[in-house]
Number of protein chains: 2
Amino acid sequence: MYSKFFNLRTEKQERIINAAVYEFANKGFDNASTNEIVKAAGISKGLLFHYFNNKKDLYLFLYDYFLEVLMEKFNPKIDGDEKDFLKKCRDVTILKLDLIKIYPDMFNFLSNAHFEESVEIKDDLDKREKKMITESFSKLYSNIDYNLFAENIDIESALKIIMWTLEGFSNQQQQKIKGKSLINLNSEEIIPEMDKYLDTLRKTLYR
Amino acid sequence: MYSKFFNLRTEKQERIINAAVYEFANKGFDNASTNEIVKAAGISKGLLFHYFNNKKDLYLFLYDYFLEVLMEKFNPKIDGDEKDFLKKCRDVTILKLDLIKIYPDMFNFLSNAHFEESVEIKDDLDKREKKMITESFSKLYSNIDYNLFAENIDIESALKIIMWTLEGFSNQQQQKIKGKSLINLNSEEIIPEMDKYLDTLRKTLYR
DNA sequence: CACTCATTGACCAAATTAGTCAATAGTAAT
DNA sequence: ATTACTATTGACTAATTTGGTCAATGAGTG
């Protein structure tokens with residue numbers, strides 16, 4: 001199907017993928033411009049339509065591609081037998097920050113796809129069972145050892161507080177490196193900082 | 001300056017403001033369409049340019065208008081002599097949720113304006129001293145009684161955890177009512193739910 | 001040389017853009 | 001009823017942008 005595209009040097013593949021996902025993530029399907037994509041990717045107009053025969057196919061290719069990347073990476077972590085919710089979330093966040101280094105707009109793209117309203121792709125997106133993401137989310141919440149939490153606190157609140165803290169932290173990291181080179185997203189600095197927050201959460205929310 | 005506009009019935013004013021701020025918030029200055037704005041506001045093309053003589057003026061009008069609204073409402077709360085950070089944040093969040101009821105896209109618009117890249121408005125936006133927002137932010141963090149916090153935890157982490165929790169909570173509320181009528185954002189339901197999270201935070205982070 | 005595949009960019013009809021302006025509707029005063 | 005005034009309309013424009021095509025060229029292989 002897209003074998004022609006995958007025969008390209010990976011550097012060129014990623015230039016195209018990144019250009020396209022950036023445009024779709026920021027403007028949505030209808031307002032995204034294929035002209036902008038080819039300009040950002042540094043390829044000619046004809047070439048884009050040589051690989052993906054129209055705009056819709058390109059969008060759905062990206063959706064399928066990224067969903068697969070996401071599932072492949074995250075499923076082992078959220079399915080695994082880690083019962084410590086804080087540890088589980090830590091693993092997932094590290095994975096997420098690693099992925100952002102490679103595909104900085106992937107998470108935006110996928111979460112926007114969930115709310116995409118363009119009639120041209122709505123049906124195809126629905127067929128692709130967006131619920132997969134929801135299901136994965138619920139897996140994250142399952143198999144948790146609630147006995148680790150302090151006795152006198154509301155578990156539901158605690159879970160949300162942990163999720164929102166890590167979400168806020170990831171967003172802060174993404175903001176920091178916006179515009180800068182992506183290599184600046186340095187795990188050796190980020191993880192200890194993240195652990196500072198996780199330590200506080202562990203000290204206060206766990207027994 | 002905009003006296004003609006302010007002589008309109010407030011219902012019509014708000015229809016226009018909401019339509020415009022929605023479009024700018026979602027597409028940025030360059031990609032926002034005045035055609036879409038008039039369509040959404042239910043007015044004719046000519047009328048919009050009768051009140052705001054061009055697209056740039058309309059954008060800057062909205063920026064000034066909303067910044068004033070924001071400062072007027074928030075400054076008393078963040079300047080006040082409340083030393084309890086949790087209470088301070090609670091007040092600010094309630095205010096924020098109230099404002100979202102009236103201008104659902106205001107916060108998006110203002111935070112995007114901060115990163116607006118269009119050459120046509122960049123300079124004027126800079127002149128308007130975006131730092132005001134940053135300053136207000138630092139006021140929120142000042143005059144805090146740190147003795148309220150538990151002894152053995154990292155204060156900086158605690159402050160961020162509180163902010164991120166309330167940010168996550170507000171976003172969750174905004175998601176819930178997306179598409180639905182705005183009246184559904186019901187304070188009588190929301191505030192108790194918010195207090196559930198704040199109680200957990202107070203119990204764990206405070207001494 | 002011939003054959004194949006990757007790649008280009010000028011080109012197209014259709015749509016959309018910000019902004020204009022002559023015409024009309026509405027209101028109030030005379 | 002007439003005048004004067006403003007609010008409001010929407011057809012119109014020139015310029016740009018849209019998704020997509022296609023004949024031509026380049027590059028590599030045998």
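In what follows, every chain begins at residue 1, and chains take the letters A, B, ... in the order their sequences are listed. These numbers were taken from a predicted model, which means no experiment stands behind them.
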[X] [atom1] to [N] [atom2], straight-line distance once rounded to whole Å:
X: B:Lys4; N: D:dT6; atom1: NZ; atom2: P; value: 10 Å
X: A:Asn31; N: D:dT17; atom1: CG; atom2: P; value: 14 Å
X: B:Asn35; N: D:dC12; atom1: CG; atom2: C1'; value: 13 Å
X: B:Leu48; N: C:dT17; atom1: CG; atom2: P; value: 13 Å
X: B:Leu58; N: C:dG19; atom1: CG; atom2: C1'; value: 13 Å
X: B:Leu47; N: D:dA11; atom1: CG; atom2: C1'; value: 16 Å
X: A:Phe52; N: C:dT7; atom1: CZ; atom2: P; value: 12 Å
X: B:Phe49; N: D:dG10; atom1: CZ; atom2: C1'; value: 13 Å

Passes ring pair (Phe, Tyr, Trp, His ring centres under 6.0 Å), A:Phe61 versus A:Phe5? Steps please.
CA-CA 11 Å; A:Phe61 164 81; A:Phe5 176 72; 5.5 Å; yes

Identify which nucleotide among C:dA18, D:dA7, C:dT7 has an atom closest to any side-chain atom of B:Thr34, counting heavy atoms from C-beta outward.
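The listed nucleotide nearest to B:Thr34's side chain is C:dA18.
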
Determine whether a donor-acceptor pair (one donor, one acceptor, N or O, separation below 3.5 Å) exists between the side chain of B:Lys45 and the base of C:dA18.
yes

Using only side-chain N and O atoms of A:Ser33, determine if any of them is under 4.0 Å from OP1 or OP2 of D:dT18.
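A:Ser33 to D:dT18 OP1/OP2: side-chain N or O found under 4.0 Å.
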
With a 4.0 Å limit, can you tell me whether B:Tyr51 has a side-chain N or O closer than that to the phosphate oxygens OP1/OP2 of D:dT8?
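It does, given that an N or O in the side chain of B:Tyr51 lies less than 4.0 Å from OP1 or OP2 of D:dT8.
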
Between A:Asp124 and A:Lys56, does any side-chain N to carboxylate O distance fall below 4.0 Å?
yes

Comparing nearest nucleotides in DNA chain D, the 5'-proximal residue of the pair A:Asn53, A:Lys27 is A:Lys27

Under 6.0 Å from the ring centre and within 45 degrees of the ring axis: does the NZ or CZ of B:Lys55 meet both conditions for the six-membered ring of B:Phe29?
yes

Looking at B:Phe169, does the NZ or CZ of A:Lys160 lie under 6.0 angstrom from its six-membered ring centre and within 45 degrees of the ring axis?
no

Taking the ring centre of each residue, are A:Phe109 and A:Tyr59 less than 6.0 Å apart?
yes

Would you say the ring centroid of A:Tyr2 lies under 6.0 angstrom from that of A:Phe6?
no

5′-ward residue of the pair B:Glu36/A:His50 relative to DNA chain C
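It is A:His50, whose closest nucleotide lies nearer the 5' terminus.
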
Of residues 8-23 of chain B, the positions that come close to DNA chain D - non-hydrogen atoms, cut-off under 4.0 Å:
B:Leu8, B:Lys12

A:Tyr141 vs A:Phe137 aromatic rings, parallel, tilted or perpendicular, using cut-offs 30° and 60°?
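A:Tyr141 and A:Phe137: tilted rings.
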
